[in-house]
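Each remark here refers to the structure printed beneath this line.
Residue numbering restarts at 1 for every chain, and letters A, B, ... go by the order of the sequence lines. Heavy atoms only: backbone and side chains are in, while hydrogens, waters and symmetry mates are out.
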There are 2 protein chains.
Amino acid sequence: MSESEALAPVRPGARKPPATIYDIARATGVSPSTVSRALNKPGRLKEATERRIRDAADQLGYRINPMARALPTGKTGTLALLVSDITNPVYFDVVRGAERIATARGLTLVFAESQESPELELATAQRLQTSVDGLFLVASRLTDDQIVELSSVKPLIVANRLVPGVTAVVPDPRPGISAALDRLHEFGHHRIAYLSGPDASWMNGVRWRTLFTYAVERGMSIVEIPSTTPTREGGAEALQRVLAADVSAVFAYNDLVALGLLRAARDQGVDVPRQLSIVGFDDIFGADLPTPALSTIKSPLREMGEAGMHRLLVEIDGIDEEHAPSLPTRYIDRESVADRR
Amino acid sequence: MSESEALAPVRPGARKPPATIYDIARATGVSPSTVSRALNKPGRLKEATERRIRDAADQLGYRINPMARALPTGKTGTLALLVSDITNPVYFDVVRGAERIATARGLTLVFAESQESPELELATAQRLQTSVDGLFLVASRLTDDQIVELSSVKPLIVANRLVPGVTAVVPDPRPGISAALDRLHEFGHHRIAYLSGPDASWMNGVRWRTLFTYAVERGMSIVEIPSTTPTREGGAEALQRVLAADVSAVFAYNDLVALGLLRAARDQGVDVPRQLSIVGFDDIFGADLPTPALSTIKSPLREMGEAGMHRLLVEIDGIDEEHAPSLPTRYIDRESVADRR
DNA sequence: CTGAAAGCGCTTACAG
DNA sequence: CTGAAAGCGCTTACAG
């Protein structure tokens with residue numbers, strides 16, 4: 001069972017070429033155009049002919065060649081979703097939501113990742129663009145100009161970001177942040193920090209500004225502490241600086257960072273939440289796993305995926321079917337925030 | 001900032017049709033065939049002509065249409081990776097590994113998921129097959145016959161499964177299981193259980209049989225306890241039955257199940273690992289998050305992704321470049337296994 | 001070194 | 001209701 005192979009695989013030469021509409025035409029004695037019609041516009045042919053053609057198609061195991069169809073029509077029937085890192089748990093529910101809509105519409109959704117590289121993202125987007133009907137950019141690392149340029153060639157939407165002139169779907173950070181701050185305030189926290197994310201991240205800016213405004217409104221002090229990378233390692237590295245800031249609670253740019261911070265605290269004997277309360281963003285897979293379980297501000301990821309796809313389809317088909325839903329964040333109160341009263 | 005849209009998006013009508021080789025031909029005064037050569041077979045044209053053509057291509061923002069190219073050549077330059085659930089952390093490193101190889105080869109890797117549905121998996125595989133050069137099935141839910149059938153139309157490989165006549169890449173569960181069992185034995189465990197996964201999972205069968213053989217060899221008693229679903233919920237649900245089995249340690253089908261079990265134990269005041277030791281499989285993201293951190297048997301996921309892609313490329317190009325590496329699992333000793341001596 | 005021509009598998013006006 | 005023809009954007013023998 002350590003063998004990677006059982007019998008010899010099919011020899012390349014052995015593969016039979018797939019059936020085409022010409023094969024079906026020959027088998028049924030009609031013209032290729034008629035076959036095309038029978039398969040694509042049911043009801044436009046004589047009942048019997050259509051039946052005969054469909055049967056022959058089944059018989060021959062006919063499968064339409066989407067690329068051949070795309071050439072004359074310009075429609076590929078596939079959509080692409082581009083993420084920076086397909087293994088980032090933050091994207092999960094966005095992907096699920098998008099997937100659901102695409103499947104319901106009979107469209108193929110294809111994923112690609114840019115591995116956090118703007119160059120690779122641009123290259124991938126450009127290459128994909130010629131073979132799909134539309135692009136869905138989640139957390140793009142491109143510049144506004146690059147995105148606008150891409151959107152001038154084919155329908156495109158972005159999530160988690162606002163680009164002038166481009167359709168976007170972004171969560172509203174205010175309800176979640178507001179609720180979290182209320183909780184901290186009620187629990188007697190007065191000095192808080194924001195362990196920030198990458199400068200290039202649009203969401204990072206929004207989170208920080210919202211946090212800042214709302215904290216000040218509530219009479220709390222707030223300070224921004226930069227983190228090196230938006231990962232668990234980045235969070236762990238920042239612990240000493242967070243501790244040195246003399247705050248009772250810290251918001252982390254995302255759950256990955258918060259989780260790293262939490263683990264470093266545990267490893268170094270810092271009591272969370274008694275000594276330091278921690279709040280993350282996103283509610284990724286695993287946020288509820290540690291002890292204490294991480295309190296976090298959740299974005300409506302799945303709804304974002306669905307809304308994004310809907311709006312992309314609107315851009316493609318022109319049919320304006322529904323209004324953009326509001327996408328409020330929500331505070332999830334778990335165990336990493338302490339009552340100091 | 002709760003607005004989903006800033007300015008009006010590009011109107012569909014406003015999009016300029018992409019440049020073709022005909023446009024370049026017209027701009028440079030050569031024939032389309034020459035343009036094609038200039039762009040694809042560098043060095044086959046007069047230096048100056050080639051330069052001129054390349055410049056014009058850049059100028060016009062020319063991007064080759066992969067579907068148009070695929071028609072005459074039969075090569076699309078893209079490969080598809082199909083998983084049952086793209087948000088399952090188990091696939092992460094497989095995906096990363098595959099991605100790395102594809103990118104290095106200048107190929108586009110595209111992902112699709114079957115949402116755990118065999119019907120959807122088959123439909124997706126068939127549809128994708130006509131637009132890619134090869135298919136990589138990770139943890140397929142199809143029957144052997146269906147997979148063999150698919151592999152007769154285009155190059156295809158499977159991971160985490162053995163299908164007669166189909167190239168496969170599977171981890172060797174023995175080193176990891178053997179090491180884990182040695183550890184348990186050394187720690188004084190004599191009665192163990194296996195909380196099993198889906199019957200349809202090939203890996204589940206392999207894990208159980210290996211566990212069984214090796215446990216018996218070591219004089220340990222072992223019992224199989226079925227779990228309802230291979231998820232955290234499934235693991236949580238099984239806790240009472242595991243407890244009732246009167247064992248000191250349990251192996252779970254995968255980390256998701258193990259994590260569910262661990263959490264249920266914590267919630268119900270069962271002391272892990274003192275009262276019950278738990279070992280998972282896979283070492284997914286988050287396995288090290290809980291207290292106690294989960295001990296688990298790790299598959300060389302990334303290597304599997306890489307090896308799989310390599311073998312797929314071999315099937316496609318016929319070039320036999322390297323031998324199948326052995327893919328041993330490894331036991332990761334964390335905190336969920338207790339010393340009972 | 002370069003061009004004209006045929007062909008890849010489909011669709012869709014245009015006729016009949 | 002159905003067929004012949006042209007065309008989608010490329011590639012590649014085949015000539016020259």
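With both ends at atom C1', the span from D/dT12 to D/dG16 equals 16 Å, rounded to whole Å.
Partners of B/Arg37 according to the salt bridge (Lys or Arg N to Asp or Glu O under 4.0 Å) rule, which considers only residues two or more places apart in sequence or in another chain, do not exist here. Residues passing the side chain to side chain donor-acceptor pair (under 3.5 Å) test with B/Thr108 are A/Arg127, sequence neighbours excluded. A search for salt bridge (Lys or Arg N to Asp or Glu O under 4.0 Å) contacts involving A/Arg69 returns nothing, not counting sequence neighbours. With sequence neighbours excluded, the residues satisfying salt bridge (Lys or Arg N to Asp or Glu O under 4.0 Å) with A/Asp23 are A/Arg26. By the side-chain contact (heavy atoms from CB on, under 4.5 Å) test, B/Val90 pairs with B/Asn88, B/Asp282, B/Ile284, sequence neighbours left out. For B/Arg302, the salt bridge (Lys or Arg N to Asp or Glu O under 4.0 Å) partners are B/Glu306, not counting sequence neighbours.
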> Which string of ( ) [ ] | and . matches DNA chain C, if you list each base 5' to 3' and count Watson-Crick or G-U pairs only when both distances are under 3.5 Å?
Replying inline: |||.||||||||.|||
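For the pair B/Arg51 CZ and C/dC1 C1', the interatomic distance rounds to 18 Å; values are reported in whole Å. Atom-to-atom, CZ of A/Arg52 to P of D/dC1 comes out at 15 Å; the value is rounded to the nearest Å. As a whole-Å value, the separation of B/Arg26 CZ from C/dG3 P is 15 Å.
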Per-pair distances, 0.1 Å, donor-acceptor, side chain in residues 56-67 of chain B, under 3.5 Å, sequence neighbours excluded:
unit_1  : atom_1 : unit_2  : atom_2 : d
B/Asn65 : OD1    : B/Met67 : N      : 2.9
B/Asn65 : OD1    : B/Ala68 : N      : 3.1

> Can you give one letter per nucleotide of nucleotides 5-15 of chain D, going 5' to 3': B for a protein heavy atom under 4.0 Å from the base, S for sugar-phosphate only, - for none?
Replying inline: B-BBBBBBB--
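Side chains of B/Ser84 and B/Glu121: a donor-acceptor N/O pair is absent below 3.5 angstrom, by distance only.
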